[in-house]
Amino acid sequence: MKRTFSSSYLLLSTLLKSTSRRKFLPRSFFSDHSSLDPSLLSYPISSPNLKPGTNHPFTLIKFPSRCFQTFPDPSPLLPSRQRNIQEKSDLEESFESATTTDEILTSFQAFAATLDEKDKRLGLACLKVGQHLDSIGTDDHENILSIGLRALKILDDSGDASVSVAMALHLVGSASYDLKRFNDSLGFLNRANRILGVLEKENSEEFDVRPVIHAVQLQLANTKTAMGRREEALLNLKRCLELKESILEPNSREMGIAYRDLAEAYAAVLNFKEALPLCEKALEIHLSRLGQNSVEVAHDRRLLGVIYTGLEDHVKAMEQNQLSKKVLKSWGMNSDLILAEIDAANIQIALGKYDEAVKTLKGVAQQTDKDSEIQALVFISMAKALCNQEKFAEGKRCLEISCDILEKKEMHLPSKVAEAYMEISSLYETMNEFTTAIPLLKRSLGMIEKLPQEQHMEGNVLGKIGWLFLLTGKVEEGIPYLESAAERLKESFGAKHFAVGYIYNNLGAAYMELERPQAAAQMFAISKDIMDVSLGPHHADSIQTCQSLANAYSAMQSYTLALEFQQKVVDAWASHGAGARDELKEANRILEDLKKKSFGWIPDLIVEHAKSLTEGNDTAPTKFV
């Protein structure tokens, strides 16, 4: 698995290096792009079981330095006990000063051989080795996990809350994450978080635990994202931002990156409203600090373009895109520039400027490598523009070329290929090529099911398959896909996310097709509750769901409820003004029809009741609504 964040060694450097060793600190604690003031990276050294507010004679990982002490040359006449002590001290000093991987591993083996298995110094030495191996990106995650567990067993022997135990838990949590043992990772990290919460409340002036808390929160976010629990991961990422705000300079370049990272996380779950102010804050900081021609500003503007596109404000999206491309071009960042050009073409398509989009994409195609992933994306966007112009034959040809390229990338880029197949399927859907769209989605689903971190995408694919079965009249086949989609999306985005609302709306439509209006009404009611919260009651899709609910109650002959919800539809469209004149007219027509049915139904029942009495039948309807 590709590492999303590497923080174990950053923890080691932040917490365990003394000021005299500062030259060995990594460039960044918080991210690959940022750096901290070195003064923030040097903390008082603690004992293995550090508790704030107490004095400790030993150090954590960095053992007591003897660099400025002088010792007489060891004499062969020294007693054996003194020689052993001297040898152990020399080995300790050698391990402490080791910096390269070979030096650390060699000195560790020699030093560890002199220590009892329960010696806290051995636990700290294991921690240093594990964090170093984690930091250099070794693929032997089983070895890191083994070393981390050994450190944890020694350091956690007393059961006391300590920074060293939290760090060991973080290490094994990170290793478990790399091994895709996400439940194990979550357990270790949650315990580390609890320990650090206790230490934070004690508010020691001797040791600042905030950088350690940050690293644990960051890994929690990674693990939860990998488990598909993206809404929960956002809470951990927000905590990370709060910690950075308390440590870093308020308007520093690093804080700008922190705001942008969180904005990107919100955009990933399609929460563009939350993403917008965060990205604007990042842009504001980078403009004031670095100027309008900086790379960071270009990245901010490109993300802003994505966010504005998500908010359907395509004019502002294009404005940010153009400004971003100008900076990327000046810095010669061709790969980023190509992606920005594809973004621009998609915005042009959204604005209805199809010829301009095709022209843009033809220019981009000449700059991409043959059979590359980027070339496949270019052909997908070109097909989108052509389909909007109803040039279906040309659009299909572009999609065929794209599929040929993507098929070769399935093993190496399963997530990106699966996402591309979803977009291709949507284009085939617009051309009513359902027999081509559904197999593509099933192919995408087969790839995504093997990727736990893409659970949110799995929900989307299941929902689309279910919807296409509905469109092709295979309603009963579609319902299980829709039900599974609802569960996956709730786990990923939360029960009130609008995507979940759309799935329940489609389930309601499915039950209406099966002439089960009562089940349909239940689904539409759930959908309406979700959409009212996530989109607002006056959003067009929320109004349509309300209309569907009214129709379901009408089919059940529950006219009182049908009239109630139809009136809400009328009121909602009326709030849109002249722009929704046709929708309001149709809503009023349906309302009048419901009134006629409601009032006409009661006399019919009275006649039926009288007829039954005439025939000597004691059974008659007793409930009209």
Side-chain angles (χ1 to χ4, degrees), residues 1-4 32 137 139 177-180 222 225-226 228 230 264 267-268 302 306 328 333-346 349 357-358 360-387 394-431 433 435-465 468 488 492:
M1 175 182 291
K2 180 181 177 181
R3 289 189 66 80
T4 312
D32 291 334
D139 293 331
Y177 168 84
D178 287 325
L179 291 166
K180 300 183 181 181
N222 289 339
T225 298
R230 290 180 170 241
E264 194 168 357
R302 187 179 172 213
V306 173
L328 293 172
M333 301 177 67
N334 293 330
S335 58
D336 289 307
L337 182 59
I338 287 173
L339 293 174
E341 290 284 7
I342 296 174
D343 289 344
N346 288 326
I349 293 169
V358 171
T360 300
L361 291 165
K362 284 181 178 179
V364 175
Q366 295 175 358
Q367 304 173 51
T368 59
D369 296 330
K370 185 180 179 181
D371 290 342
S372 66
E373 171 208 346
I374 301 299
Q375 190 177 67
L377 297 179
V378 170
F379 279 111
I380 292 172
S381 293
M382 196 172 292
K384 191 187 304 180
L386 292 168
C387 288
E394 295 176 54
K396 287 180 186 177
R397 180 56 187 150
C398 287
L399 294 179
E400 288 168 1
I401 294 171
S402 181
C403 283
D404 288 342
I405 296 171
L406 292 169
E407 187 175 1
K408 302 170 188 175
K409 311 289 183 183
E410 287 184 4
M411 292 295 294
H412 304 293
L413 300 167
S415 177
K416 291 183 178 180
V417 171
E419 190 171 359
Y421 282 158
M422 287 177 62
E423 191 166 1
I424 293 171
S425 172
S426 295
L427 291 172
Y428 276 117
E429 179 188 340
T430 63
M431 294 183 281
E433 297 278 349
T435 55
T436 306
I438 292 175
L440 267 174
L441 285 172
K442 288 186 175 181
R443 190 169 179 176
S444 177
L445 181 62
M447 297 165 63
I448 292 170
E449 285 176 335
K450 300 174 185 176
L451 304 170
Q453 66 271 30
E454 301 298 345
Q455 183 173 305
H456 66 294
M457 198 188 299
E458 183 181 352
N460 289 332
V461 176
L462 287 165
K464 289 180 74 68
I465 293 173
L468 289 182
R488 295 291 186 280
S492 296

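Positions are given from 1, in the same order as the sequence printed here.
Of all heavy-atom pairs between Arg488 and Gly459, the closest is CB-CA, 3.7 Å. Contact between Ser372 and Thr368 at its shortest, heavy atoms only, is OG-CB, 4.2 Å. Nearest heavy-atom pair across Ala385 and Ala357 is CB-CB, 4.4 Å. Taking both residues in full, the closest heavy atoms of Gln375 and Ile405 are given as OE1-CD1, 3.5 Å, listed atom of the first, atom of the second, then distance. For the residue pair Ala383 and Gly395, the shortest heavy atom distance occurs at CB-O, 3.5 Å.
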Run the side-chain donor-acceptor check on residues 406-414: report pairs under 3.5 Å with partners two or more places apart or on a different chain.
from: Lys408; atom 1: NZ; to: Asp371; atom 2: OD2; distance (Å): 3.4
from: Lys409; atom 1: NZ; to: Asp371; atom 2: O; distance (Å): 3.2
from: Glu410; atom 1: OE2; to: Tyr421; atom 2: OH; distance (Å): 2.7
from: Glu410; atom 1: OE2; to: Arg443; atom 2: NE; distance (Å): 2.9
from: Glu410; atom 1: OE2; to: Arg443; atom 2: NH2; distance (Å): 2.9

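With Thr430 contributing its side chain and Leu427 its backbone, the two residues share a donor-acceptor pair below 3.5 Å. Looking only at distances, a side-chain donor or acceptor of Gln367 sits under 3.5 Å from a matching main-chain atom of Gly363.
From Met382, atom CE reaches atom CD1 of Ile401 across 9.0 Å, with rounding to the nearest 0.5 Å. One distance of note links CG of Asn346 with OG1 of Thr360; it measures 10.5 Å at 0.5 Å rounding. Taking CG from Leu441 and CG from Asn460, the interatomic distance works out to 10.5 Å, rounded to the nearest 0.5 Å. Residue Ile380 holds its CD1 atom at 7.5 Å from SG of Cys403, rounded to the nearest 0.5 Å. Separation of atoms CG (Leu328) and CZ (Arg302) is listed at 8.0 Å; rounding is to 0.5 Å. Atom CG in Leu386 sits 11.0 Å away from atom CZ in Phe379 (nearest 0.5 Å).
Looking at Glu394 and Arg397, no side-chain N of the basic residue comes within less than 4.0 Å of a carboxylate O on the acidic one, giving no salt bridge.
Partners of Asp336 under the salt bridge (Lys or Arg N to Asp or Glu O under 4.0 Å) rule, at least two apart in sequence or in another chain, do not exist in this structure. Residues forming a salt bridge (Lys or Arg N to Asp or Glu O under 4.0 Å) with Glu373 (at least two apart in sequence, or on another chain): Lys416. Applying the side chain to side chain contact (heavy atoms under 4.5 Å, CB included) criterion to Thr225, with sequence neighbours excluded, gives Arg230, Ala233. For Lys464, the salt bridge (Lys or Arg N to Asp or Glu O under 4.0 Å) test picks out no residue, with sequence neighbours left out. For Glu419, there are no salt bridge (Lys or Arg N to Asp or Glu O under 4.0 Å) partners at least two apart in sequence or on another chain.
Inter-residue side-chain proximity for Leu451 and Met457 is flagged as unmet; no heavy-atom pair is nearer than 4.5 Å. Between Leu361 and Lys384 there is no side-chain heavy-atom pair separated by less than 4.5 Å. When side chains are defined from C-beta on, Ile374 counts as touching Ile342, because their heavy atoms get closer than 4.5 Å. Looking at Val417 and Met447, their side chains come closer than 4.5 Å, going by heavy atoms from C-beta outward.
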